[in-house]
Novice: 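Here it is, the structure, as structure tokens.
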Amino acid sequence: MAYASAFRRVLSGSSTPSPIFRSQFAWIRHNSTLPTLTSPKLFISGISKNTTDESLFNAFAPYGRLLDAKVIMDRMSGKPKGFGFITYETVEEAEKAREEMNAKYLDGWVIFVDPARPREPPPPPRQPPQQDLHLNPKPTESLFAPNRTLGWSG
DNA sequence: GTTGAGCGTT
């Protein structure tokens with residue numbers, strides 16, 4: 001996502017969002033993953049270090065009923081990682097929130113709303129290429145079977 | 001204590 005850092009560099013100093021940039025963000029929507037969401041979970045990236053769970057919640061609250069809003073902090077260092085997750089009640093609300101809040105301002109930073117990846121991939125849509133190792137081939141009975149009829153006994 | 005790519009503690 002090169003556009004993310006590009007817009008951040010342009011907009012990091014300005015505090016007032018200019019309407020000019022809204023037209024600039026149009027192509028992002030066009031370029032973004034427009035197909036319907038499959039999960040009410042959203043991955044919010046590019047959030048400010050001032051953004052907390054509460055301000056994230058308040059920012060996305062008008063677009064649906066939020067079940068959860070978390071700003072991910074590094075548990076080792078305690079510093080915010082700069083992204084978070086929100087969970088709506090339905091995918092329609094998440095869809096609306098993405099349309100309304102993608103590439104918008106939150107605490108002076110342009111945030112990006114994307115569908116969150118499942119933390120536990122439950123259904124693999126394709127089975128992994130399992131190589132079929134025939135470690136136990138059928139026993140070759142007669143290959144090494146001694147021919148008793150030709151014994152030394154004469 | 002560098003200025004930002006990314007998918008979370010259970």
Side-chain angles (χ1 to χ4, degrees), chain A residues 1-140:
Chain A
M1 311 258 178
Y3 58 85
S5 58
F7 280 118
R8 278 171 208 153
R9 287 186 184 268
V10 174
L11 302 171
S12 59
S14 65
S15 58
T16 316
S18 174
I20 300 176
F21 292 110
R22 299 214 167 173
S23 58
Q24 301 282 344
F25 288 143
W27 68 275
I28 294 182
R29 287 187 179 179
H30 193 70
N31 218 5
S32 180
T33 50
L34 280 177
T36 314
L37 299 179
T38 59
S39 162
K41 261 178 185 278
L42 291 178
F43 171 69
I44 316 297
S45 59
I47 63 182
S48 168
K49 311 251 163 122
N50 301 325
T51 306
T52 174
D53 294 2
E54 192 174 350
S55 62
L56 186 69
F57 189 95
N58 292 333
F60 284 91
Y63 306 102
R65 281 171 294 184
L66 274 177
L67 301 181
D68 192 25
K70 286 183 200 173
V71 171
I72 302 307
M73 318 265 274
D74 194 284
R75 204 149 160 274
M76 308 310 260
S77 63
K79 292 181 296 187
K81 283 193 171 181
F83 63 91
F85 294 92
I86 60 173
T87 307
Y88 280 100
E89 200 168 83
T90 64
V91 293
E92 287 83 12
E93 292 168 319
E95 185 78 50
K96 175 158 192 174
R98 178 173 68 162
E99 287 297 320
E100 297 291 331
M101 285 295 289
N102 190 25
K104 295 296 170 56
Y105 277 85
L106 178 60
D107 291 332
W109 284 78
V110 180
I111 63 175
F112 293 92
V113 184
D114 288 306
R117 301 177 190 153
R119 213 193 301 176
E120 302 177 9
R126 253 186 189 165
Q127 283 117 6
Q130 52 180 14
Q131 55 264 19
D132 211 80
L133 296 179
H134 289 286
L135 291 180
N136 196 4
K138 66 170 68 171
T140 59

Novice: Between Phe83(A) and Asp74(A), who's closer to the 5' end of DNA chain B by nearest nucleotide?
Specialist: Phe83(A)
Novice: Could you give the CD1-to-P distance, from Ile72(A) to dT9(B), as a whole number of Å?
Specialist: 5 Å
Novice: Rounded to whole Å, how long is the line connecting atom CH2 of Trp109(A) with atom P of dT3(B)?
Specialist: 10 Å
Novice: Under a 4.0 Å threshold between the charged nitrogen and the carboxylate oxygen, would Glu93(A) count as salt-bridged to Lys96(A)?
Specialist: no
Novice: For a 4.5 angstrom cut-off between non-hydrogen side-chain atoms, does Arg98(A) reach Pro115(A)?
Specialist: yes
Novice: Please report the distance, rounded to the nearest Å, between CZ in Phe85(A) and C1' in dG6(B).
Specialist: 9 Å
Novice: Can you tell me how far P of dG6(B) sits from CD1 of Ile111(A), to the nearest Å?
Specialist: 18 Å
Novice: Choosing from dG4(B), dG6(B), dC7(B), which nucleotide comes nearest the side chain of Lys49(A)?
Specialist: dG4(B)
Novice: Give a yes or no on whether the backbone of Phe60(A) and the side-chain of Tyr88(A) come within a donor-acceptor separation of less than 3.5 Å.
Specialist: yes
Novice: Gly82(A) or Arg75(A): which one's nearest nucleotide on DNA chain B is closer to the 5' end?
Specialist: Gly82(A)
Novice: Whole angstrom is fine here: how far is it from NZ in Lys81(A) over to P in dT9(B)?
Specialist: 5 Å
Novice: Starting at atom NZ of Lys79(A), determine the distance to atom C1' of dG8(B), rounded to an integer number of angstrom.
Specialist: 17 Å
Novice: Are the side chains of Thr90(A) and Pro40(A) in touch, meaning some heavy atoms are under 4.5 Å apart?
Specialist: no
Novice: Whole Å only: how far is the CD1 atom of Ile44(A) from the C1' atom of dG6(B)?
Specialist: 13 Å
Novice: Roughly, in whole Å, what's the span from CD1 in Ile47(A) to P in dG8(B)?
Specialist: 14 Å
Novice: Would the base of dT9(B) count as contacting Lys70(A) through its side chain, where contact means a donor and an acceptor less than 3.5 Å apart?
Specialist: yes
